[in-house]
Amino acid sequence: MLEPTTVYTPSPTRYDSMTYNHSGTSGLKLSAISLGFWHNFGDITPYDTMRRIVFTAFDNGITHFDLANNYGPEPGAAEKNCGRLLHEYFQHHRDELIISTKAGYEMWPGPYGDLGSRKYLLASLDQSLERLGLDYVDVFYHHHMDSSTPLEETMGALATAVSSGKALYVGLSNYDGPTLEKAAAILDELHAPFIINQNRYNIFDRTVENNGLKEASHRLGKGLITFSPLAQGLLTDRYLNGVPADSRIAHDGRFLQKSALTPEKLQQIRDLNDLAAERGQTLAEMALAWLLHDGMVTSVLVGASRPQQLLDNIGALRNTTFSDEELRRINEISKLR
């Protein structure tokens with residue numbers, strides 16, 4: 001990359017308080033809190049806001065920035081904006097960062113613009129690298145399972161991404177346990193460094209517990225990084241008294257709709273909030289700490305619309321220990337009644 005256009009001096013104490021976990025049995029460590037570029041790095045967000053969020057993340061030891069080809073809006077915008085931030089401020093810190101991206105969802109029209117074919121994955125990776133202004137990404141994921149493409153073809157494309165020098169490691173996103181096991185066996189045969197799975201997981205969404213993904217990841221020595229840890233904001237204090245006018249439910253129904261906040265769900269949120277208060281945590285802090293408590297989750301992906309949200313999330317690392325009774329209560333509260 002070219003020389004940075006603006007000076008940025010990171011905090012000299014940025015590594016002092018962050019926890020770093022190995023991704024499975026690999027040698028790669030990820031910050032326990034990672035920054036996701038899903039919602040707030042498209043062209044509708046002011047660039048200065050993005051800059052302040054990224055500076056806050058890195059100044060506090062968050063070294064992993066997670067993207068995908070379709071993150072925006074519009075698709076590709078998050079990678080372009082990340083590339084600009086890297087060019088202007090992080091050129092001398094590239095080796096301190098883990099940059100990941102993905103391909104799987106639709107990126108361009110026609111039969112070659114989505115899913116899991118070799119043509120799509122490798123073409124998409126080239127496009128991502130161009131938008132990011134990078135020679136390689138640290139982790140390249142297949143974004144979701146694709147039953148229309150042989151698993152061998154998709155895994156072969158991931159292996160090629162590494163052998164070509166365009167990715168250091170590969171990952172799988174939104175896979176289930178049985179498909180993960182088949183994919184891992186193929187990648188092992190290809191000597192491809194598959195080290196991590198990315199899946200939705202939170203107190204309200206236990207899919208990875210029910211479909212075998214969490215157990216299989218641990219047994220096979222693969223890392224697990226989780227997104228939507230706060231259930232799109234439900235696992236915060238934002239909705240304790242209903243729907244605020246400035247909330248995501250109120251102004252952006254793409255990912256969280258008002259119908260999700262049923263009276264039953266609201267009572268669950270309030271009960272969990274009470275438990276968090278007993279622990280001396282906010283609900284968001286407890287929800288993040290819960291994901292990390294058993295050592296099976298490598299890192300938790302958080303989004304942020306302002307820097308203070310990141311600082312609040314990092315606060316979860318102060319206490320990730322739960323008593324058996326606290327875990328029992330969380331499980332009981334979160335059950336569908």
Side-chain angles (χ1 to χ4, degrees), residues 1 23 26 28 30 34-38 41-42 64-87 90 94-95 97-146 148-175 179-180 183-184 186-199 222-223 225 227 301:
M1 292 187 293
S23 184
S26 78
L28 185 69
L30 297 181
S34 296
L35 178 60
F37 278 58
W38 183 19
F41 287 83
H64 177 210
F65 298 164
D66 179 78
L67 301 106
N69 57 358
N70 65 325
Y71 289 176
E74 297 289 325
E79 288 182 329
K80 288 180 182 178
N81 288 322
C82 182
R84 180 180 170 187
L85 289 161
L86 293 174
H87 161 61
F90 289 91
R94 173 64 181 97
D95 292 335
L97 292 170
I98 300 297
I99 307 295
S100 60
T101 196
K102 314 174 197 74
Y105 290 102
E106 184 177 4
M107 271 301 289
W108 60 87
Y112 317 119
D114 63 357
L115 300 176
S117 73
R118 182 178 181 85
K119 178 173 177 61
Y120 165 66
L121 290 178
L122 296 178
S124 180
L125 177 56
D126 284 342
Q127 293 177 18
S128 291
L129 292 174
E130 183 175 356
R131 285 189 290 267
L132 289 164
L134 297 176
D135 296 325
Y136 70 94
V137 291
D138 296 278
V139 184
F140 181 50
Y141 291 90
H142 185 220
H143 209 160
H144 65 86
M145 296 185 292
D146 171 25
S148 69
T149 302
L151 197 59
E152 292 79 4
E153 178 178 345
T154 302
M155 297 307 108
L158 295 180
T160 296
V162 173
S163 64
S164 66
K166 297 176 182 179
L168 301 186
Y169 303 92
V170 299
L172 303 177
S173 182
N174 298 307
Y175 274 56
T179 312
L180 158 66
I186 296 169
L187 290 167
D188 283 347
E189 289 182 6
L190 296 173
H191 303 289
F194 164 41
I195 64 165
I196 195 161
N197 297 277
Q198 185 173 136
N199 292 74
K222 310 301 180 186
I225 184 169
F227 64 88
L301 270 170

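What you see below is based on every heavy atom in this structure, not just the backbone, and it leaves out hydrogens, waters and symmetry mates. Treat the numbers as computed from the prediction; the structure is a model and nothing was measured.
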So which atom in [X] and which in [Y] form the shortest heavy-atom distance, rounded to 0.1 Å?
X    : Y    : result
L132 : E79  : CD2-O, 3.5 Å
M155 : A183 : SD-CB, 3.7 Å
A68  : T101 : CA-OG1, 3.3 Å
L67  : C82  : CD2-CB, 3.6 Å
F41  : G36  : CE1-O, 4.1 Å
S100 : H64  : OG-NE2, 2.9 Å

Just to verify, what does [X] make a side chain to side chain donor-acceptor pair (under 3.5 Å) with, not counting sequence neighbours?
X    : result
Y175 : H142
D126 : K166
S124 : N69
D138 : R94

*Knowing that exactly one of L301, V139, L172 qualifies, which makes a side-chain contact (heavy atoms from CB on, under 4.5 Å) with Q198?*
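That would be L301; it is the only one of L301, V139, L172 passing the side-chain contact (heavy atoms from CB on, under 4.5 Å) with Q198.
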Which distance, rounded to the nearest 0.5 Å, do you find between the [atom1] of [X] and the [atom2] of [Y]?
X    : Y    : atom1 : atom2 : answer
I98  : L168 : CD1   : CG    : 7.5 Å
F140 : S128 : CZ    : OG    : 6.5 Å
S173 : M145 : OG    : CE    : 10.0 Å

Any side-chain heavy-atom pair from [X] and [Y] closer than 4.5 angstrom?
X    : Y    : result
N174 : F227 : yes
I225 : Y141 : yes
T154 : I186 : no

*Would you mind listing every salt bridge (Lys or Arg N to Asp or Glu O under 4.0 Å) that reaches into residues 98-109, with sequence neighbours excluded?*
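Pairs touching residues 98-109 that pass the test: D66-K102.
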*Applying salt bridge (Lys or Arg N to Asp or Glu O under 4.0 Å), which residue pairs with at least one partner in residues 107-121 are found, sequence neighbours left out?*
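Pairs touching residues 107-121 that pass the test: none.
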_Could you walk me through whether F90 and I99 satisfy the side-chain contact (heavy atoms from CB on, under 4.5 Å) test, starting with their C-alpha distance in whole Å, then the side-chain angles of each, then the deciding distance to 0.1 Å, before giving a yes or no?_
CA-CA 12 Å; F90 289 91; I99 307 295; over 6 Å; no
*asked:* I'd like to check the ring pair (Phe, Tyr, Trp, His ring centres under 6.0 Å) partners of F65; sequence neighbours left out, ordered by chain and number.
replied: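 Listed in chain order: F37.
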*Just by modelled atom types, is the D146 backbone N or O under 3.5 Å from a matching donor or acceptor in the T149 side chain?*
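Pair absent, no side-chain N/O of T149 close to backbone of D146.
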List the atom pairs, with distances to 0.1 Å, where a side-chain N or O of residues 187-196 and a protein N or O form a donor-acceptor pair under 3.5 Å, not counting sequence neighbours.
none

*asked:* Once ring-ring contact (aromatic ring centres under 6.0 Å, His included) is applied, what residue pairs with a partner in residues 99-129 remain, sequence neighbours excluded?
replied: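 Passing the test, one end in residues 99-129: Y105-H143, Y105-H144, W108-Y120.
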*Taking it one step at a time, do V137 and L125 satisfy side-chain contact (heavy atoms from CB on, under 4.5 Å)?*
CA-CA 9 Å; V137 291; L125 177 56; 4.1 Å; yes
